[in-house]
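Here's the structure we're looking at; comments come further down.
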Amino acid sequence: QVQLVESGGGLVQAGGSLRLSCAASGRTFSSYVMGWFRQAPGKEREFVAAIKQSGANTCYADSGKGRFTISRDNAKNTVYLQMNSLKPEDTAVYYCAASSHTFFGCSLYYTGGSYDYWGQGTQVTVSS
């Protein structure tokens with residue numbers, strides 16, 4: 001069982017930055033692929049980024065490429081999402097997720113069904 005707790009959300013002006021954190025419980029954090037998803041009001045949940053166990057391999061949705069950076073600190077059981085150049089369309093609840101599945105490449109990590117555990121979410125609001 002893994003419990004995930006997100007933090008770092010808030011209100012920011014367009015062009016600003018936020019750093020989200022997701023703290024995980026348990027001793028096996030380093031064995032999980034970690035992902036970030038988001039869900040805006042009235043929209044489906046969408047993939048944002050994922051990072052594989054060692055941190056050497058990352059995956060990004062096109063919406064965040066060049067602006068978002070996912071990273072992890074296995075010693076601290078924490079995954080981060082650095083978000084720069086934020087846009088109003090980035091407004092959403094951001095969720096951290098953990099996957100026990102190891103897939104080649106990135107595509108299978110784009111779907112929420114590949115993840116076993118989810119956090120409660122943190123709100124990010126970007127004002128224009």
Side-chain angles (χ1 to χ4, degrees):
Q1 188 77 8
V2 176
Q3 292 185 328
L4 304 172
V5 180
E6 302 96 335
S7 61
L11 174 64
V12 64
Q13 289 187 332
S17 299
L18 281 175
R19 188 196 197 201
L20 306 184
S21 299
C22 172
S25 66
R27 302 178 183 177
T28 58
F29 174 77
S30 61
S31 68
Y32 289 90
V33 173
M34 300 300 297
W36 286 97
F37 286 75
R38 68 186 184 185
Q39 187 166 20
K43 295 187 177 181
E44 293 186 353
R45 182 179 60 194
E46 65 174 359
F47 171 78
V48 175
I51 186 166
K52 297 197 178 178
Q53 291 89 337
S54 71
N57 298 102
T58 56
C59 313
Y60 293 95
D62 287 343
S63 58
K65 283 182 181 176
R67 300 188 300 125
F68 294 177
T69 303
I70 188 171
S71 61
R72 66 190 296 163
D73 185 337
N74 287 340
K76 295 183 178 179
N77 283 14
T78 303
V79 61
Y80 305 97
L81 184 68
Q82 177 67 44
M83 304 187 294
N84 299 328
S85 302
L86 283 162
K87 305 174 183 179
E89 51 263 45
D90 294 318
T91 295
V93 177
Y94 283 70
Y95 297 91
C96 170
S99 173
S100 62
H101 308 287
T102 299
F103 302 121
F104 178 79
C106 290
S107 60
L108 288 175
Y109 292 112
Y110 296 166
T111 177
S114 295
Y115 295 82
D116 306 286
Y117 304 102
W118 294 83
Q120 83 289 348
T122 185
Q123 175 71 45
V124 171
T125 302
V126 184
S127 64
S128 57

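We count residues from 1, following the sequence as given. Computed from a predicted structure; not experimentally measured.
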(message) Listing request: all ring-ring contact (aromatic ring centres under 6.0 Å, His included) pairs with a residue in residues 54-90, at least two apart in sequence or in separate chains.
(response) none

(message) My understanding is that only residues two or more places apart in sequence, or in another chain, count here; which of them pass side-chain hydrogen bond (donor to acceptor under 3.5 Å, both in side chains) with T125?
(response) Q123

(message) Tell me the closest heavy-atom pair linking L81 and A49, and the distance in Å.
(response) CD1-CB, 4.2 Å

(request) Kindly write out the residues that satisfy side chain to side chain contact (heavy atoms under 4.5 Å, CB included) with N57, not counting sequence neighbours, or none if the list is empty. (result) K52

Scan the side chains in residues 91-103 for donor-acceptor partners under 3.5 Å anywhere in the protein, sequence neighbours excluded, and list what turns up.
| unit_1 | atom_1 | unit_2 | atom_2 | d |
| --- | --- | --- | --- | --- |
| T91 | OG1 | P88 | O | 2.9 |
| T91 | OG1 | V126 | N | 2.9 |
| T91 | OG1 | V126 | O | 3.4 |
| Y94 | OH | R38 | NH1 | 2.9 |
| Y94 | OH | D90 | O | 2.6 |
| S99 | OG | H101 | N | 3.2 |
| S99 | OG | S114 | O | 2.7 |
| S100 | OG | D116 | OD2 | 2.7 |
| T102 | OG1 | Q53 | NE2 | 3.1 |

(message) Under the salt bridge (charged side-chain N to carboxylate O under 4.0 Å, His left out) definition, can you give me all pairs with a residue in residues 102-112, not counting sequence neighbours?
(response) none

(message) Minimum heavy-atom separation for V33 and Y109, please, with both atom names.
(response) CG2-OH, 3.5 Å

(message) Is there a continuous path of hydrophobic side-chain contacts, each under 4.5 Å between heavy atoms, that joins L108 to W36?
(response) no

(message) Would you say that V48 contacts M83 through its side chain, given a criterion of any heavy-atom pair below 4.5 Å between the two side chains?
(response) no

(message) Using modelled atom types and a 3.5 Å cut-off, is there a donor and acceptor pairing between side-chain atoms of E6 and backbone atoms of Q120?
(response) yes

(request) Drop me the distance from Q1's CD to T28's OG1, to the nearest 0.5 angstrom. (result) 10.5 Å

(message) Q3: which residues meet the side-chain hydrogen bond (donor to acceptor under 3.5 Å, both in side chains) condition with it, sequence neighbours left out?
(response) none

(request) With the side chain counted from C-beta on, respond yes when L4 and W118 share a heavy-atom pair under 4.5 Å apart, and no when they do not. (result) no

(message) Please give me the minimum heavy-atom distance between R45 and Q39, naming the atom from each residue.
(response) N-NE2, 3.7 Å

(message) With a 3.5 Å distance limit and no angle check, can you tell me whether N77 reaches the backbone of G26 through a side-chain donor-acceptor pair?
(response) yes

(request) Group every Ile, Leu, Val, Met, Phe, Trp and Tyr by side-chain heavy-atom contacts under 4.5 Å, then state whether I70 and F29 land in the same group. (result) yes

(message) Between L18 and V124, is there a side-chain heavy-atom distance shorter than 4.5 Å?
(response) yes

(request) Determine which pairs satisfy salt bridge (charged side-chain N to carboxylate O under 4.0 Å, His left out) with at least one residue from residues 78-89, sequence neighbours left out, and list them in order. (result) none

(message) Holding to side chain to side chain contact (heavy atoms under 4.5 Å, CB included), I want the full list of residues that pass it with S17, two or more places apart in sequence or in another chain.
(response) Q82, N84

(request) Mind checking salt bridge (Lys or Arg N to Asp or Glu O under 4.0 Å) for K43 and listing every partner two or more places apart, or none if nothing turns up? (result) none

(message) Applying salt bridge (charged side-chain N to carboxylate O under 4.0 Å, His left out) as the test, list every pair that has at least one member in residues 72-82; sequence neighbours left out.
(response) none

(request) Without swapping roles, check the side chain of Q13 against the backbone of S127 for a donor-acceptor pair under 3.5 Å. (result) no

(message) List the residues meeting side chain to side chain contact (heavy atoms under 4.5 Å, CB included) with C59, not counting sequence neighbours, and say none if there are none.
(response) F47, A50, C106, Y110

(message) Looking at every heavy atom in both A23 and T78, which two are closest together, and how far apart are they?
(response) CA-OG1, 4.2 Å

(request) Would you kindly confirm whether L86 and L20 end up in one hydrophobic cluster when ILVMFWY residues are joined by side chain heavy atoms under 4.5 Å apart? (result) yes

